[in-house]
Amino acid sequence: MQALTTDTDGGVVDALLEQTARFCAREVDARAIDAAAQIPSAVLEGLGALGLFGVTLPEAHGGAGLSLADACRVVEVLARFDRSVAVSVGLHLGLGTRGLVRYGTPAQHARWLPALASGACVAAFSTTEPGAGSDLSALRTTATEDGERLRVSGEKSYVTNGAFAGLFTVAVSTPGLGGAQRGQSLLLVEPTDAGFAVQREEHKLGLKGSSTTGLLFDDATLPRDRLLGEPGQGARMLQHILSWGRTLMSAGCCGGAAFAIDKALAHTAQRTQFGRPLAALDVVQERLARLRARHFAMEALVMATAAQADDDALATHSLAAKVFCSEGAGFVADEALQLHGALGFIEDTGLALVVRDVRVTRIFEGANDVLLTHLGQSELLRLATKPVDAGAPALDRALADFARALHDTHRLRIFRAPRLLHALGAATQWVMASRAATARAHHTMQPTHLALAQLVEQEARSAVSRAAAVTADAAVFQQALGLERLGVTP
Ligand SMILES: Cc1cc2nc3c(=O)[nH]c(=O)nc-3n(C[C@H](O)[C@H](O)[C@H](O)COP(=O)(O)OP(=O)(O)OC[C@H]3O[C@@H](n4cnc5c(N)ncnc54)[C@H](O)[C@@H]3O)c2cc1C
């Protein structure tokens, strides 16, 4: 499959990607990483020597100063070879370092960025807690002022790169700090900080080579200069950091999907049944074409997302990209496995590993159902301020009609109806993906691309119709579930 492309790199990024692919082909063995549940340190060192940990870090501190789009291309290539490697590097470039780069002081930059850029220090990021997963307003890890220091207590869960990170960006509750009654702040934490400890490694379904640990703050004390950005402004900073993280994660989904499609195309071309290659069967052809179309749209949406300069637009696009690409990667990996028949179910083929690896992308960096509800809300507000005119493409008008019907029926109550916002979000991600795929096809004007974009548009149309058909009353679901038997009050 073709790789992600940008217009801006002047060949520098192309060269880096080629070196990265050559290095991975030589040194990265996904099945060995899965079996050992660890990335060999020689691989991490090699990636560091290539400069991959510094791709988006400022040139003044040893990084390459490249864009989010360029970093997406790097992560996509890594994910073709191994998703654990892609997640480890992608997290470092996005969630791990973005906050420091954007909101850090010159002194914080000077202290940490050079080692982060070389890969001598790997970054991690932590919001999730045992009692605060999707609901980030429920953070219980708390930092309070104690003279010139901060006292931190609490527990964090599922921290990627936790076992070997040299710097953690941690979201904590800071009541009263910065004047906000219930505000949150971001802290920069080092593994050697007093009262701080990294917990045991989790055993996972996939992405086994990536480290996932808990963190414990047992009355930890940190100097006050470990605050990142304005105290009490954590939620605003998190929006930007998570936008980067979700975009890079989506690029990783494209890489995993590309690997699976390449395998499916090669296998169906050479495997003969009924006297013909599988790829000569029209049902198989349709499946392959739909996989390529989904992947084409995933890549287009990632690149459209990475190109957003405005923070709010980036946030909205990254919601759509995260959901569309994680669902797409799951769909593509599962279908590619199916097209291999029994071989797909055998670990040697490499597809079972992709299926296991990509599963978590629908959960982490925001569970998809939660993000779809946010996306639906954001689309509703967008249409309220910027109505679609009669000359807009039919798909945009269909989405706007659906949103208007929701609004006219429910008025302001719609904002307290997550299931309807979720339906709107589900339609919106498809429309945004179709828009991006059409723009990409019109840019290249390649007949294959135009056909792929046409397939995506058909699916987007069906997605809008499906979403608009969500009418059943919540009471029906509650009755079908028998909520009272579960002891849950609606
Ligand atoms: C391998 C791995 C790596 C991770 N890395 C990191 C990391 O580096 N840093 C970090 O901070 N976190 C990390 N996480 C945590 C991850 O971001 C959370 O798991 C995720 O945000 C979901 O939270 P939760 O697991 O508590 O699910 P919950 O919030 O308990 O939700 C469970 C499910 O309930 C449903 N649900 C919940 N709320 C809603 C809603 N409002 N509407 C509709 N449905 C809903 C969804 O189906 C959801 O999947 C990682 C997790 C894993 C598995």
Side-chain angles (χ1 to χ4, degrees), residues 34 37 39 83-84 86-99 122-141 154-165 167-173 184 186-187 189 198-215 217 234-235 237-238 241-242 244-246 248-249 252-253 319 322-323 326-327 330 356-377 415-426 470 474 477 481 488 490:
D34 180 60
I39 302 169
R83 275 64 53 195
S84 289
V87 163
S88 306
V89 175
L91 188 124
H92 171 94
L93 296 176
L95 299 181
T97 52
R98 186 59 196 162
V122 175
F125 166 87
S126 172
T127 53
T128 309
E129 298 181 0
S134 302
D135 181 7
L136 288 183
S137 68
L139 292 187
R140 288 286 170 271
T141 300
E155 204 181 328
K156 292 284 183 182
S157 332
Y158 311 121
V159 180
T160 299
N161 291 347
F164 51 83
L167 185 69
F168 298 81
T169 298
V170 182
V172 293
S173 168
Q184 296 176 350
L186 301 183
L187 298 178
V189 180
V198 174
Q199 306 293 86
R200 70 169 177 82
E201 194 67 60
E202 301 287 358
H203 299 288
K204 307 187 292 282
L205 173 72
L207 286 188
K208 292 188 184 204
S210 80
S211 164
T212 312
T213 70
L215 307 176
F217 292 87
M237 292 186 277
L238 282 175
I241 297 169
L242 285 165
W244 267 59
R246 287 171 183 150
L248 287 162
M249 198 219 77
C253 290
L319 293 176
K322 194 277 184 184
V323 177
S326 58
E327 286 183 354
R356 288 192 282 112
D357 281 347
V358 300
R359 182 61 185 85
V360 75
T361 60
R362 284 149 61 192
I363 297 171
F364 66 14
E365 306 217 15
N368 281 9
D369 284 335
V370 179
L371 302 192
L372 282 178
T373 307
H374 291 322
L375 183 60
Q377 178 165 333
F415 291 106
R416 291 197 304 275
R419 206 163 52 77
L420 300 177
L421 294 173
H422 180 280
L424 180 58
V470 172
F477 299 126
L481 267 174
V488 175

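Values below: all heavy atoms of this structure, side chains included; hydrogens, waters and symmetry mates excluded. Indexing begins at 1, ligand by ligand and atom by atom, following the structure's order. Only a predicted model underlies this, so the values are computations on that prediction, with no experimental measurement involved.
Of the candidates Ser134, Gly162, Ser84, Ser210, the one placing a heavy atom closest to atom 27 (O) of ligand 1 is Ser134. Taking only non-hydrogen atoms, the option from His422, Lys204, Glu202, Lys208 nearest to atom 1 (C) of ligand 1 is Lys204. Looking at Gly133, Gly366, Ala138, it is Gly133 that brings a heavy atom closest to atom 24 (P) of ligand 1.
Between Lys156 and Phe168, the closest side-chain pair of non-hydrogen atoms is not below 4.5 Å.
Among protein heavy atoms, atom 17 (O) of ligand 1 sits closest to Glu365 N, 3.5 Å. For atom 53 (C) of ligand 1, the closest non-hydrogen atom on the protein side is Val360 CG2, 3.5 Å. When hydrogens are left out, the protein atom nearest atom 49 (O) of ligand 1 is Ala367 CB, 3.4 Å; that is the closest non-hydrogen contact. At the top of the distance list for atom 36 (N) of ligand 1, counting protein heavy atoms only, stands Val370 CG2, 4.3 Å. Closest to atom 8 (O) of ligand 1, if we only count protein heavy atoms, is Thr160 N, 3.0 Å. In this structure, the protein non-hydrogen atom closest to atom 47 (O) of ligand 1 is Asp369 OD2, 3.7 Å. Of the protein's non-hydrogen atoms, Tyr158 O, 2.6 Å is the one closest to atom 6 (C) of ligand 1. The protein heavy-atom contact nearest to atom 20 (C) of ligand 1 is Ile363 O, 3.5 Å.
Ligand 1 has an N or O atom lying under 3.5 Å from an N or O atom of Thr128, backbone or side chain. Distances between N or O atoms of Phe125 and those of ligand 1 include at least one value under 3.5 Å. Considering both main-chain and side-chain atoms, Thr127 comes within under 3.5 Å of ligand 1 through a nitrogen or oxygen pair.
Using a 4.0 Å heavy-atom cutoff, Leu207 is absent from the residues neighbouring ligand 1. Within the structure, ligand 1 has Ser126 among the residues with a heavy atom less than 4.0 angstrom away. Residue contact annotation: Leu91 has a non-hydrogen atom under 4.0 Å from ligand 1.
Distance screen at 4.0 Å: atom 32 (C) of ligand 1 has no protein heavy-atom neighbour inside the cut-off.
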* Show your reasoning for whether side chain to side chain contact (heavy atoms under 4.5 Å, CB included) applies to Glu365 and Leu95. => CA-CA 9 Å; Glu365 306 217 15; Leu95 299 181; 3.6 Å; yes
